[in-house]
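Position 1 is the first residue of the sequence, and the numbers go up from there. Any value given below was found using the heavy atoms of this structure, including those in side chains, with hydrogens, waters and symmetry copies removed.
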Amino acid sequence: VTDGNGCTGTGSVDVTINALPVVTLGPDVTQCGGSVQLDAGNPGSSYAWNTSATTQIITASTSGTYSVVVTDVNGCSNSDAINIIINTPPVVFLGNDVIICGDSLILDAGNPGASYIWSTTATTQMVTVYTTNTYSVVVTDVNGCTNSDVINVTISPLPLIDLGADTTICLGNAITLIAP
């Protein structure tokens, strides 16, 4: 450097350029139920998640946007964000195991608008069953989430009643009918 009087001086400085921490939470996630583990990487750094967490790894159990700012030991910061959608699987309940008297039972898998695969090979929301058996259904909702249920059905036939042949009697007379 030369000043206005013609005096010259020199100096030097060492400059270190530190790389920013690499923060990659991954691609957006859409899944059925459960939770997603998010890892900001960069062990030894400090972490500021939009959930107020300050750890390297968090567990996301609800839908939303998750973001983190990572500050490394050199004071350099970088961030990333991820959108997570956690869809609730359909609720499928065919009822408790059942014993009925009669000739049939209607089973309803609920969840209108979903797709159905029954153990009977039916693909409708409701099926009518006529025999004692174990029945199951897999329901897939519009988000592609599945759930299933199983029910044991026992259908007992109605007893056969034969009171004999038709009989005509006169007023005042009695007849005894005996059910077997």
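Considering only residues two or more places apart in sequence or on other chains, C7 meets the side chain to side chain contact (heavy atoms under 4.5 Å, CB included) condition with D3, N5. Every residue two or more places apart in sequence or in another chain that forms a side chain to side chain contact (heavy atoms under 4.5 Å, CB included) with N42 is listed here: P21, V23, S45, Y47, V70. Shown here are the side chain to side chain contact (heavy atoms under 4.5 Å, CB included) partners of T65, two or more places apart in sequence or in another chain: A81, N83. S79 meets the side chain to side chain donor-acceptor pair (under 3.5 Å) test with no other residue; sequence neighbours excluded. Residues meeting the side chain to side chain donor-acceptor pair (under 3.5 Å) test with S12, sequence neighbours left out: none. Among residues two or more places apart in sequence or in another chain, the side chain to side chain contact (heavy atoms under 4.5 Å, CB included) test is passed with V15 by V13, I17.
Note that the OG1 atom of T71 and the CG atom of N78 stand 9.5 Å from one another [nearest 0.5 Å]. Once rounded to the nearest 0.5 Å, the distance linking SG of C32 with CG of N143 reads 6.5 Å. Interatomic distance, OG1 of T88 versus CG of D141, reported as 9.0 Å (0.5 Å rounding). The CG atom of L25 sits 8.0 Å away from atom CD1 of I58, with the distance rounded to the nearest 0.5 Å.
Atom CD1 of I99 is surrounded by 12 or fewer heavy atoms from other residues, nucleotides or ligands within 6.0 Å. Annotation: L105, atom CG; neighbour count of heavy atoms from other residues, nucleotides and ligands within 6.0 Å is above 12.
Residues N147 and P90 share a closest heavy-atom pair of ND2-O, 2.9 Å. The two atoms that bring A60 and I86 nearest to each other are O-CD1, 3.7 Å, heavy atoms only. Residue P89 comes nearest to C145 through the heavy atom pair CA-CB, 3.8 Å, listed as atom of the first residue, atom of the second, then distance.
Two residues are said to be in side-chain contact when any heavy atoms from C-beta on lie closer than 4.5 Å; W118 and V138 fail this criterion. Side-chain atoms of V1 and T10, non-hydrogen and from C-beta on, never get closer than 4.5 Å to each other. Side-chain contact between I57 and L38 is absent, with no heavy-atom pair separated by less than 4.5 Å.
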**OP:** Go through the steps to decide whether D103 and L158 satisfy the test side chain to side chain contact (heavy atoms under 4.5 Å, CB included), and finish with yes or no.
**Re:** CA-CA 8 Å; D103 60 358; L158 296 173; over 6 Å; no
Original post:
Do V137 and I117 pass the side chain to side chain contact (heavy atoms under 4.5 Å, CB included) test, and can you show the C-alpha distance, the side-chain angles, and the key distance before you say yes or no?
Top reply: CA-CA 6 Å; V137 64; I117 301 174; over 6 Å; no
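The side-chain hydrogen bond (donor to acceptor under 3.5 Å, both in side chains) pairs that include a residue from residues 16-25 number zero, where partners must be two or more places apart or lie in different chains. Pairs engaging residues 67-105 under the disulfide bond (SG atoms under 2.5 Å apart) rule: none recorded [sequence neighbours left out]. Applying the side-chain hydrogen bond (donor to acceptor under 3.5 Å, both in side chains) test to every pair with at least one member in residues 51-64, sequence neighbours left out, gives these pairs: D39-Q56, T62-Y66.
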Anything under 3.5 Å between a donor and an acceptor, one on a side chain of residues 150-157, the other on a protein residue two or more places apart or in another chain? List them.
from : atom 1 : to   : atom 2 : distance (Å)
N152 : OD1    : T134 : OG1    : 2.5
N152 : ND2    : D97  : OD2    : 3.0

Sequence neighbours left out, cut at 3.5 Å: what donor-acceptor pairs do the side chains of residues 121-131 make with other protein atoms?
from : atom 1 : to   : atom 2 : distance (Å)
T124 : OG1    : M126 : O      : 2.6
Q125 : NE2    : D108 : OD1    : 2.9
T131 : OG1    : Y135 : OH     : 3.1

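Residues near V142 contribute nothing to a hydrophobic cluster around it, because no ILVMFWY side-chain heavy atom sits closer than 4.5 Å to its side chain.
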